[in-house]
Every structure is written in structure tokens, then in C-alpha cells.
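Single-structure report; data block below.
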Amino acid sequence: MSLFRSTVLTVANNRVVSSFVQKYGMRMGATRFVAGETLAQCVEAVKEINQDGLVVTLDHLGESVASREEALEATQAAIYIFDAIEESGVDSNVSVKLTQLGLDIDHQFCLENMDRIAAKAKETNNFVRIDMEDTPRLPITLDIFNQLVDKYGKDHIGLVIQTYLYRSEQDVLDLGKKNVNLRIVKGAYKEPSNVAFPNKKDTDDNYIKLVQTHLRNGCYTAIATHDEKIIDELKIWLKANQIPNDLFEFQMLYGVRNGLQRQLVSEGYKVRVYTPYGKDWYAYYSRRIAESPANALFILKNFFKK
Ligand code: FAD
């Protein structure tokens, strides 16, 4: 992990910094990465994205809730998103984090909450993806996913795999046997070197390898990266191996590499924009700053703008 990323993630966990940023955050530029504080604002943003030919996955922000009440609220919020998608007719699915649904409170309670969301995804003929969080939560996340994909089917629930982890190659092979829909990402958390590659190059090489493995196994793959070098290399490989366009999609984050997103659409690829909304944006926002020194500069400039 780079010194910049590790420092930002450590500072972001500081309570004084966090309360300062939460107070001034929208002015500091969070609107670049967050599509609004309410679902209604966000649906308007999704309509505009759809008009440009891109599809969306909506994320009601929040993680690591402390009470059952908050977890139930987050579950209900995710269920409402499916209703809002149906009512507005926008082209979007949903992404959720299990810590938001009470994972750290009680595993069974979290499973029941996730089950309700997956049931709603199936009922509305839509799809929910479980985001992957840090490694202590990975085994239980996999366990919950496996139970629900068996119950609701791969067309209604998917998972994320992080290529900075040594174990991910085996996870991709195991999940490939169930033909599940995976989003492949590099990984956004601070992880120790006994579980994750310390060198970025190894994570990048593993990224290409795991996307190719899952596609070669005939499984739907969401290629979620802004790394143009990797995207270019994969585009050549996809063509050379005659991988059909309906077996994969590119995914990027709202507000990141907008030009590249639209360029891929113009080349005929499906592109999905991960679009977060809500009041609880701090942790998400900190990870985006940690990913790019340019983002930290952008935010500082915005803060001093009148
Ligand atoms: P990097 O090597 O980090 O970046 C490559 C280039 O992309 C950079 O040089 C820069 O030009 C550009 N870039 C990358 N990030 C930014 C940014 N924030 N702002 C501006 N430019 C940028 N991680 C998880 O751990 N769990 C998840 O469930 C998860 N879901 C994700 C869903 C989507 C759709 C995406 C796109 C990412 C998700 N991530 C998730 C985050 C991911 O793990 C990476 O932290 C993030 O995507 C940055 O890595 P990268 O692949 O873009 O490559």
C-alpha cells in the first residue's frame, strides 16, 4: 500500500478530522463523488447518467452501524431503492454493504436483513450486489452470499472480489463453479501484508488474471477499475478471445474518469456507474481521497473557493 493511501486512511479514522470534514464536507467537494443526500436527488442524477447511455448501481451510503434500529433502517432504505427504480423507470441495480445491515451486531440478523433485500431484488426482477469490505468480514460475507445465491439465483445477487488479496484466486475458482456474477476490484481497505500483496504491481497483475479466469469459466464479470492500462489490455484480450459483450460490463465510480466512461460506451461497451447517495458519506469519501492525490488537491481547492 502506498504511503499516501495508508496515511489518508489513518488520518480519516481520527475523530477530530472526521467531525470537521462531516461539517464542511459538501463544500469540500463530496458532491463530486456523492449524487445527493436524498434518494429523489439521486434518481435525477441517474436519469442524466442513463441519458448518456450508461447504467447505474445505486448505493445508499453507510457502513458499520451500531444498533439494530439503524440496520433495519438501512435494510428498508435498500428495499425502497428497488421501488424507486421501478417507479421512475431508471436503469439501475443496487449495491449494499453487510456492515450497514448489522453484520457486526449479529450474523443471523444480518443474514435475515440481506435475505429481505435479495427477495425484493428477485420480486422486482432486479439485482443486488454485496460490496466486499475488509478481510475480518470476508468469510462471513462469503457465507451469507453463498446461502442467498443458492436461494435467489445468480441473476438476482452478486458479490465483489478484491485482487489485492492472496486468497482471491481460489475464491474466484470456487465461485466460478456456481457460475456467479462477480465484480472484480483491486480493493480499497488497509490490509496487512500477510493477507494482501504489499506491491501494487502484484495487485494489478492479479486483477487481469482474475478477470480472465472468471470470464474463461463462462461467468458474468463486472470489470470495475479506472485503470486505463488494464482496461486497454483487457479490451485486446476480450476481442482476441471472442468474449461476448453480454458476458461482462465495465464499472466505475460516480465522478471518476467521466470521459473514459463515456468513451467506452461510444465503443459499444456496457458501462455501469456506482452511484452513492445519502447523508452518511464520510467513510466512502475518505477512501476516494486515499486513492488519488489529485482528489485531495481538488478537495483542498474547493474548500478555499468562495
Ligand atoms: P488504481 O490503480 O487505484 O487507479 C488507476 C488510475 O485510475 C489512477 O491512476 C487514477 O488515474 C484513476 N483513479 C483511481 N481511483 C480514482 C479516484 N478515486 N479518483 C480519481 N481517479 C482515480 N473496493 C472494495 O474494497 N470493495 C468494493 O466492494 C468495491 N466496489 C467498487 C465498485 C466499483 C464500481 C469500483 C470502480 C470500485 C470499487 N471498489 C471497491 C474500489 C476499488 O477497490 C479501488 O479502490 C478503486 O477502484 C481504485 O482502484 P482502480 O482499479 O481504479 O486502480
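In this chain, residues are counted from 1 in sequence order. As the structure lists them, so they are numbered: ligands from 1, and atoms in each ligand from 1.
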Backbone or side chain, does any N or O of [X] fall under 3.5 Å from an N or O of ligand 1?
| X | result |
| --- | --- |
| Val185 | no |
| Gly187 | yes |
| Gln251 | no |
| Ala224 | no |
| Lys186 | yes |

What atoms of ligand 1 come within less than 4.0 Å of a heavy atom belonging to [X]?
| X | answer |
| --- | --- |
| Tyr189 | 25 (O) |
| Gln162 | 24 (C), 25 (O), 26 (N) |
| Asp131 | 28 (O) |
| Tyr274 | 32 (C), 34 (C) |
| Asp227 | 2 (O), 5 (C) |
| Val160 | 27 (C), 28 (O) |
| Met252 | 36 (C) |
| Lys200 | 2 (O) |

Whether [Y] and [X] form a salt bridge (side-chain N of Lys/Arg under 4.0 Å from carboxylate O of Asp/Glu) is what I want to check.
| X | Y | value |
| --- | --- | --- |
| Glu169 | Lys209 | yes |
| Asp134 | Lys190 | no |
| Lys186 | Asp227 | yes |
| Asp83 | Lys120 | yes |

Residues two or more places apart in sequence or in another chain: which of them pass side-chain hydrogen bond (donor to acceptor under 3.5 Å, both in side chains) with Thr225? none

Distance only, no hydrogens: is a donor on one side chain within 3.5 Å (strictly under) of an acceptor on the other, for [X] and [Y]?
| X | Y | result |
| --- | --- | --- |
| Arg216 | Asn241 | no |
| Thr99 | Glu133 | yes |
| Asn194 | Tyr166 | no |

If hydrogens are left out, which of [options] has an atom nearest to [atom], that is, the closest non-hydrogen atom?
| atom | options | value |
| --- | --- | --- |
| atom 37 (C) of ligand 1 | Ile230, Val273, Leu253, Thr57 | Leu253 |
| atom 52 (O) of ligand 1 | Lys229, His226, Glu249 | His226 |
| atom 21 (N) of ligand 1 | Val256, Thr163, Leu260 | Val256 |

Any heavy atom of Glu133 under 4.0 Å from ligand 1? The part involved is neither

Under 4.0 Å, heavy atoms only, figure out whether ligand 1 is touched by the backbone of Arg272, its side chain, both or neither. neither

Within a reach of under 6.0 Å around CD of Glu267, are more than 12 heavy atoms found that belong to other residues, nucleotides or ligands? yes

What pair of heavy atoms forms the shortest contact from Arg137 to Asp104, and how long is it? NH2-OD2, 2.6 Å

Can you tell me how far apart CG (Leu39) and OH (Tyr277) are? Round to the nearest 0.5 Å. 4.0 Å

Any donor-acceptor pair under 3.5 Å linking the side chain of Thr75 with the backbone of Leu101? no

Tell me, please: is Arg183 in heavy-atom contact with ligand 1, that is, under 4.0 Å? yes

Should Lys97 be listed as contacting ligand 1, given a heavy-atom distance under 4.0 Å as the test? no

